[in-house]
There are 2 protein chains.
Amino acid sequence: MNKTRPYSAIIERLRAAKLRPTRQRLALARLLFEGGDRHVTAESLHKQALSQNERVSLATVYNTLHQFTRAGMLCEVVVESARSYFDTNTIHHHHFFCEESQVLKDIPCADLRLLDLPTPPQGMEINQIDVVIRTRPRGS
Amino acid sequence: MNKTRPYSAIIERLRAAKLRPTRQRLALARLLFEGGDRHVTAESLHKQALSQNERVSLATVYNTLHQFTRAGMLCEVVVESARSYFDTNTIHHHHFFCEESQVLKDIPCADLRLLDLPTPPQGMEINQIDVVIRTRPRGS
DNA sequence: GTGTTTGCAAAGTGTTTGCAATTTA
DNA sequence: TAAATTGCAAACACTTTGCAAACAC
């Protein structure tokens, strides 16, 4: 009767990424990965952790977000100079971004097709294509 | 004999934007607008100004870039959290960006078409569409 | 002259880092 | 107990701001 231990899936994920499943990493990973697709900033995630009485320092949140990103569990989205956003959806996709509310929303890759990809500059190859559709509240 | 004064076009442009043509603004405007399409950061423009013996403070460069942007003479390009880039090409277009060298390159709007624009979230309308094609040196 | 603009230095924001103390395996 | 991780505080990079002096009109 191989009873599933709590968090075991997440612990495995951390182990697979060669990251020790410390209390802090576990807490952050649960917040990030147990609730569907999410977009967080270091600060928003830190706040959320604290609000659930998880003691984590902001520095550790930053470090952890980068470790998860390096491990392919998150990806970074650049939509604002100033703040970094991290996305739990690591399948290639695009974004709506509302500058007013600073809310990100995914656009599945299939919902937005690009035609006529231009040739990259001399000696360069394409790494990644990011489309950001900036939105505003209707009539503002 | 209406001899064209030097800089008169730029002075007019500043006046039209209700910006007094001060020594600093003139110098920066000449650097920005007299050499075809350019992508600058506050720091790169400041360096260039100093290298031509134009005395301008970095704070003034920042302020001026924002004033020019507000006046529609520049537009801001978000490709990196941390640094802000300003583009003298204000016609809607997209960008190649090489993270390694931090070089931006324009992609004319006509060279990259989008199909199947997705519907924006409830109550939102599209403001602007930014495509960034991130590149890397071939084979790296 | 009057209002605008500048430059400095200080403050601000988001992020990273050095290092001693703690935790993990 | 050896190596990894954490938290703090300090350092960082970039940007903005308050204000007195300088400038444009």
Side-chain angles (χ1 to χ4, degrees), chain A residues 5 7-8 10-29 31 39-50 53-71 74 76-86 99 102 104, chain B residues 5 7-8 10-29 31 39-50 53-71 74 76-86 99 102 104:
Chain A
R5 275 171 305 155
Y7 324 153
S8 65
I10 283 181
I11 291 180
E12 279 323 304
R13 249 186 121 170
L14 291 177
R15 287 236 159 81
K18 299 202 195 306
L19 296 170
R20 291 184 178 175
T22 63
R23 174 173 58 74
Q24 291 87 336
R25 284 193 187 130
L26 258 162
L28 296 176
L31 290 175
H39 300 97
V40 303
T41 62
E43 217 181 327
S44 75
L45 184 60
H46 185 230
K47 273 213 181 77
Q48 199 194 356
L50 294 188
N53 292 310
E54 297 287 358
R55 289 176 297 103
V56 199
S57 73
L58 184 56
T60 297
V61 173
Y62 273 107
N63 290 336
T64 303
L65 286 171
H66 285 132
Q67 289 157 353
F68 287 2
T69 301
R70 237 175 285 131
L74 292 176
E76 202 173 339
V77 186
V78 179
V79 283
E80 275 191 322
S81 48
R83 216 184 308 288
S84 279
Y85 289 80
F86 295 85
E99 320 212 297
Q102 300 181 315
L104 269 174
Chain B
R5 275 171 307 153
Y7 324 153
S8 64
I10 282 181
I11 291 180
E12 280 322 304
R13 250 187 120 171
L14 291 177
R15 287 235 158 82
K18 299 203 194 307
L19 295 170
R20 288 187 179 172
T22 62
R23 175 175 57 73
Q24 291 88 335
R25 285 193 187 129
L26 257 163
L28 297 176
L31 290 176
H39 301 99
V40 302
T41 62
E43 216 180 327
S44 76
L45 184 59
H46 185 229
K47 274 215 181 76
Q48 198 195 357
L50 294 188
N53 291 311
E54 297 287 356
R55 290 176 297 101
V56 199
S57 72
L58 185 55
T60 297
V61 173
Y62 274 107
N63 291 335
T64 304
L65 286 172
H66 285 132
Q67 290 157 352
F68 287 3
T69 300
R70 236 175 287 132
L74 292 176
E76 203 174 337
V77 186
V78 178
V79 284
E80 275 191 324
S81 48
R83 217 184 309 287
S84 279
Y85 289 80
F86 294 85
E99 320 211 299
Q102 299 181 316
L104 269 174

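Scope of the values below: all heavy atoms of this structure, side chains included, with no hydrogens, waters or symmetry mates.
Along DNA chain C, the nucleotide nearest B/S81 and the nucleotide nearest B/K18 are compared for position; the residue whose nucleotide lies closer to the 5' end is B/K18. If you find the closest nucleotide of DNA chain D to B/T22 and to B/E43, the one lying nearer the 5' end belongs to B/E43. Between B/T41 and B/P21, it is B/T41 whose nearest contact on DNA chain D lies nearer the 5' terminus.
Straight-line distance from the CZ atom of B/R25 to the C1' atom of D/dA22: 14 Å, rounded to whole Å. Atom pair A/R83:CZ and C/dT15:P shows a separation of 7 Å (rounding to whole Å applied). For the pair B/L58 CG and C/dG7 C1', the interatomic distance rounds to 11 Å; values are reported in whole Å. The distance from atom CD of B/E54 to atom C1' of C/dT5 is 16 Å, rounded to the nearest whole Å. One atom, CG of A/L26, and another, P of C/dT23, lie 15 Å apart when rounded to the nearest Å. One can place NE2 of A/H46 at 12 Å from C1' of D/dT6, the figure rounded to the nearest angstrom. The distance from atom CG of A/L19 to atom P of C/dT23 is 19 Å, rounded to the nearest whole Å. Between B/E80 atom CD and C/dG14 atom P there is a gap of 18 Å when expressed in whole angstrom units.
Residue-environment remark: CZ (A/R23) exceeds the threshold of 12 foreign heavy atoms within 6.0 Å.
Within 4.0 Å of A/S84, counting heavy atoms only, lie sugar-phosphate atoms of the nucleic acid but no base atom. Contacts of A/R20 with the nucleic acid, taken as non-hydrogen atoms under 4.0 Å apart, include base atoms. Base contact: B/A59 has a heavy atom under 4.0 Å from a base atom.
Nearest heavy atom pair, residue A/V61 against residue A/A42, reads CG1-O, 3.5 Å.
Within residues 60-67 of chain B, the residues that have a heavy atom under 4.0 Å from DNA chain D are, in order of number, B/Y62, B/N63, B/H66.
Looking only at atom types and distance, the side chain of B/T69 has no donor-acceptor partner in the side chain of B/E76 under 3.5 Å away.
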- Working for side chain to side chain contact (heavy atoms under 4.5 Å, CB included), residues B/T64 and B/Q24: CA-CA 9 Å; B/T64 304; B/Q24 291 88 335; 5.7 Å; no
- Kindly determine whether B/L65 and B/V40 satisfy side chain to side chain contact (heavy atoms under 4.5 Å, CB included), including the steps that lead there. CA-CA 10 Å; B/L65 286 172; B/V40 302; 4.3 Å; yes
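Here B/R15 does not reach the OP1 or OP2 of D/dA24: none of its side-chain N or O atoms lies under 4.0 Å away.
In this structure the side chain of B/V78 reaches within 4.5 angstrom of the side chain of A/V78, judged on heavy atoms.
In this structure, D/dA24 forms a base pair with C/dT2, meeting either the Watson-Crick or the G-U wobble geometry with both donor-acceptor distances under 3.5 Å.
When each of A/T41, A/L74, A/L45 is checked for a side-chain contact (heavy atoms from CB on, under 4.5 Å) with A/F86, only A/L74 meets the rule.
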